[in-house]
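Read the structure below first, then the notes.
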Protein chains: 2
Amino acid sequence: MSRPRKESGRTVTAEEIKAVARRQMSEHGTAGLSLRAIARELGITAPAIYNYFPRLEDLITTLIVDAFTALAVAMETAGAEARTEGAGLWETFTRITRAYRAWAVAHPTDFQLIYGNPIPGYHAPTDLTGPLAQRPFAQLFDLLQAGWRSGQISLPEEYQPVPPALAGHIRAYRTKSGLDLPEVLICVLLSGWARIHGQVMLELFHHSQPFIGDPGLFYELELSAYLRRLGLPPPG
Amino acid sequence: MSRPRKESGRTVTAEEIKAVARRQMSEHGTAGLSLRAIARELGITAPAIYNYFPRLEDLITTLIVDAFTALAVAMETAGAEARTEGAGLWETFTRITRAYRAWAVAHPTDFQLIYGNPIPGYHAPTDLTGPLAQRPFAQLFDLLQAGWRSGQISLPEEYQPVPPALAGHIRAYRTKSGLDLPEVLICVLLSGWARIHGQVMLELFHHSQPFIGDPGLFYELELSAYLRRLGLPPPG
DNA sequence: CGATGTAAATATACAGCGTATATTTTCACG
DNA sequence: CGTGAAAATATACGCTGTATATTTACATCG
C-alpha cells in the first residue's frame, strides 16, 4: 500500500487547475475538457480536483466567470486607455467595441463558453451570468449617456417612436439601473450590441468570410456606420 | 446464446433514428445526445446504429443538414406565402426575417446545433455547411435586388463609401454568385443578417431580456428600423 | 518536541459513454 | 430451397464523471 507521493508539496492550486482547463479547452474545444485529462497533466488523480471543485459544473462556472470578467477588463482597459489619451467619443467607442471582437477572436473558446452552449448538461446559472454579461457594456451606456447629454449624439428617427409595450419594459430597466437615457437611445445601444455580437458570432463560425473575406474590415465598417448614424463626425 | 429478437421486423429506419435524436437533443441539449440512449429508446443495441451512421459525427452532420434546410424551408415558405398574397417589399422582408427568429425560438437546440458549438470534438465540415448557411438568405438578396432595381430602396450614406479592400472581396463574391448589387447594398444586407442573428443569439441565451423584456417586440422594432433606413415606407 | 486534527491527496469502484470486432439472425433473390 | 448480403447482436476496450473510504502531509498546540 505504498503511495509514492511524487514530491512532498504536490499540492495544486485552484488557479493551476483553471489554467490547465483553459488551455485544454482552447485546444480541444469547449466540450473537450475532462477532469481526468486535467488531473493527468497536473500529475494528480482525478478525484483530487474534487477538493477544489465539487463538480465539473463548478469548474465550468468559474471558467465562465473568469471569461466574462476578462472580456470586461479588456474592454474597460481599452476605454481607459482612450480616455487617458484624451480620445473623443468616436475613438473611445470604437476602441471599446473593437476590444470586444479582438478578445473574441483571441479567445474563441472562452467566447463560445460565454455566449454559446458550453457543455453537455450544463446550464449556466442565469442569476450569476446575467450581471456579468451586462458589465462589459455598462461603459458603453455611460459613453452614450455623456454623448447624448453633451448634444453630440442625435437620435435616429427610424427607431422612433418606441412602441409603448417596449417602452414600458425599458423604463422599468432604466429606473432599476439608474440610467438616464431616452428609450430610443437604449434601443439603439442594444441594437448596436446585437450587431456587434452577431458579426462576431458569424465570424467565429465562418459564416461571414465567404461574403466579405475579411471580417475585421467589415466590422470596422459597421462600427463607423453605426456611429455616423448617431450623428458623430468621423475622425480624420 | 438465444437472442430474443423482439419482432421479426425490428429493423429501424434512418429517419426514426434522426427523429429520436432530435427529440432527445431538444430535451437534454445539443450535447446531451448519445447513441446508446437513442438505441435504448428504439429497442435496439447501440452498435446497430452503426449500420446507418458509421460515426456519431455522421449522425450529427445529417442533423445539421436537416436543420439548415428546415430553417431555409421555413423562410422560403414565409416568402412564398407573402408573394402569393401580393405583399409588398416591406411585408415580404418582414415575414421572411420573422420566420428566422420564429424558427430559432421554436427549435432552439437545432438553432444552436447550426450556429453554435454543438458537440465535444465535433467540427462541422465547412465546405458542406457553408452553402447551407447561405441558402436561407439567398431569397433576401433577391428581394433587395428587386427593390433596388425598382428604385424603392435607397443606399444609406453611413455605409458609403465601402473601403476599397472590402469592396474588392465583395466584388469577388458578387461575380462568383452572379448577384448584381452595389457593394454598399451587400454590406447593408450582411449587416442586417448580423443584426438579426445577434438579436436571436442574445435572446436564446437570455442576455437581452433584462434590458427590453420582450425580445419579440424589440425584434420587430429592429426590423422596421432597418427597413425604414432603406427608405421603405412603413405600411399602415 | 511530540501528539493531534484537518486538508488534500489517494485507491477503488460504478455506471455510462463511443466504438471496434466478430457472431448470429433475417430476409430477399436466384 | 439454398445462398449471400444486410442488420441486428454480444462482447470488449478505454474513456468519462463521480462516490466512497483510506492514507498521507502539514500546521497547530499542549
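Just so you know, these numbers use all the heavy atoms, side chains as well, and skip hydrogens, waters and symmetry mates.
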I need the [atom1]-[atom2] distance between [X] and [N], as an integer number of Å.
X	N	atom1	atom2	result
B/L56	C/dG16	CG	C1'	14 Å
B/I44	D/dA10	CD1	C1'	15 Å
A/L59	D/dT16	CG	C1'	15 Å
B/L42	D/dA8	CG	P	10 Å
A/I60	D/dT18	CD1	P	9 Å
A/I38	D/dT16	CD1	P	11 Å
A/I17	C/dA8	CD1	C1'	11 Å
B/E41	C/dC17	CD	C1'	17 Å

So, OP1 or OP2 of [N]: does either fall under 4.0 Å of a side-chain N or O from [X]?
X	N	answer
A/N51	C/dA9	yes
B/T45	D/dT9	yes
B/S34	C/dC17	yes
A/Y50	D/dT18	yes

Test for a donor-acceptor pair under 3.5 Å between the base of C/dG18 and the side chain of B/R36, counting only N and O atoms.
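Present.
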Under the 3.5 angstrom rule, does the side chain of A/R174 hit a backbone N or O of A/L181 as a donor-acceptor pair?
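At least one qualifying donor-acceptor pair exists.
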Determine, using ring centers only, whether A/H169 and B/F218 are less than 6.0 Å apart.
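Here the rings of A/H169 and B/F218 have centres that are no less than 6.0 Å from each other.
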Would a line drawn from the ring center of A/F141 to the ring center of A/F137 be shorter than 6.0 Å?
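Ring centroids of A/F141 and A/F137 are no less than 6.0 Å from each other.
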The helix from C/dC1-D/dG30 to C/dG30-D/dC1: angle between its terminal axes, five pairs each, to 10°?
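Inter-axis angle at the ends, rounded: 10°.
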Carboxylate-amine/guanidinium contact B/D110 B/R22, below 4.0 Å:
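Result for this pair is no, no salt bridge flagged.
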Answer with yes or no whether the side chains of A/T30 and A/Q112 bring together a donor and an acceptor at under 3.5 Å.
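Short answer, no.
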Ignoring hydrogens and angles, state whether a donor on the side chain of A/E76 or A/Q139 is under 3.5 Å from an acceptor on the partner side chain.
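Not at all, the side chains of A/E76 and A/Q139 share no donor-acceptor pair under 3.5 Å.
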By nearest heavy atom, map A/R40 and A/P47 onto DNA chain D; which one lands nearer the 5' end?
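Counting from the 5' end, the first nearest nucleotide belongs to A/R40.
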Quick one: side chains of residues 196-205 of chain A, donor-acceptor pairs under 3.5 Å with protein atoms, not counting sequence neighbours, listed by atom name and distance.
from   : atom 1 : to     : atom 2 : distance (Å)
A/H197 : ND1    : A/Y100 : OH     : 2.9
A/E203 : OE1    : A/R101 : NE     : 2.9
A/E203 : OE2    : A/R101 : NH2    : 3.0

